Amino acid sequence: MASLSLKGIYKKYQGNVVAVSDFNLDIEDKEFIILVGPSGCGKSTTLRMIAGLEEISEGELYIGDRLVNDVAPKDRDIAMVFQNYALYPHMTVFENMAFGLKLRKTPKDEIKKRVEEAARILDIAHLLDRKPKALSGGQRQRVALGRAIVREPQVFLLDEPLSNLDAKLRAQMRTELAKLHLRLGTTFIYVTHDQTEAMTMGTRIVVMKDGFIQQVDTPQNLYSSP
Ligand code: ADP
Ligand code: ADP
């Protein structure tokens, strides 16, 4: 069974803007889907609908076999990592990572366990007592990832998570995200502008244009010269 199913999804904004048109895609468990396409083609809107941050105008969204169109974001088995990974400046790394779990009334010892485990995976275990301002850009990005990982979601949504990092760090994080994907064994949906990220990280690439899916294929097929 597909872990995520998008059936005839449309997003219409006020003023006759159709941001997403007839989006159909079945995403298998553990896939690493890359969403690419020019600015304004509907990538973020698609992610935001999956996360529940944007209402779906038409169509059906299933997570597992559950229809989630009307399910609140916090009740979807999904976590999202943004490009502008705003951390809470007054909280420590630990508290930043724990925050979402606290909201969901996760028991304290379970929170501690999950935060420490995620911190180990992301190599930020030594930073748990620091405030965000005492971290480098790469470390902050790891904390943002950590905040999502601790939720142990079935689906991970990433909206250009590396675009604010310098080239060297981006290359390093690419490798680490790929490893993280394997290690967590969850479904990733990843929006990027970066062709290297698309080529090296994804199991399938979805190319969008003007709100439509233009092409869906493996990186090998999409980028190999004829
Ligand atoms: P991408 O992520 O591919 O750059 P978006 O999903 O952000 O594209 O935007 C798709 C289209 O929807 C664009 O034409 C954009 O201007 C429009 N759009 C996005 N958000 C809104 C909104 N809140 N209200 C009206 N139009 C919007
Ligand atoms: P509250 O705001 O409810 O008082 P705290 O912020 O004090 O909660 O911490 C919640 C839990 O997380 C506590 O059990 C605390 O021991 C643990 N904790 C806080 N910071 C760290 C840390 N840096 N490393 C490990 N555990 C921590």
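The analysis underlying the following values was restricted to heavy atoms, covering all of them including side chains, and did not include hydrogens, waters or symmetry mates. Both counts, for ligands and for their atoms, begin at 1 and track the order of listing. This one's a predicted model, so the numbers in the text were calculated from it and none came from an experiment.
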Near ligand 1, at a heavy-atom separation below 4.0 Å: residues by chain and residue number | Tyr13, Val17, Ala19, Pro38, Ser39, Gly40, Cys41, Gly42, Lys43, Ser44, Thr45
Should we say atom CZ of Arg104 is surrounded by more than 12 heavy atoms from elsewhere, each under 6.0 Å from it?
-> yes
Answer yes or no: are there more than 12 heavy-atom neighbours, outside Gln214 itself, under 6.0 Å from its atom CD?
-> yes
Sorted by first residue and then second, give each side chain to side chain donor-acceptor pair (under 3.5 Å) pair with at least one member in residues 68-79; sequence neighbours left out.
-> none
Contacts of Phe99 that satisfy ring pair (Phe, Tyr, Trp, His ring centres under 6.0 Å) - sequence neighbours left out = Tyr88
Quick one: side chain to side chain donor-acceptor pair (under 3.5 Å) partners of Arg120, sequence neighbours excluded?
-> Glu117
Salt bridge (Lys or Arg N to Asp or Glu O under 4.0 Å) between Glu60 and Lys7, worked out = CA-CA 5 Å; Glu60 292 171 340; Lys7 298 190 186 300; over 6 Å; no
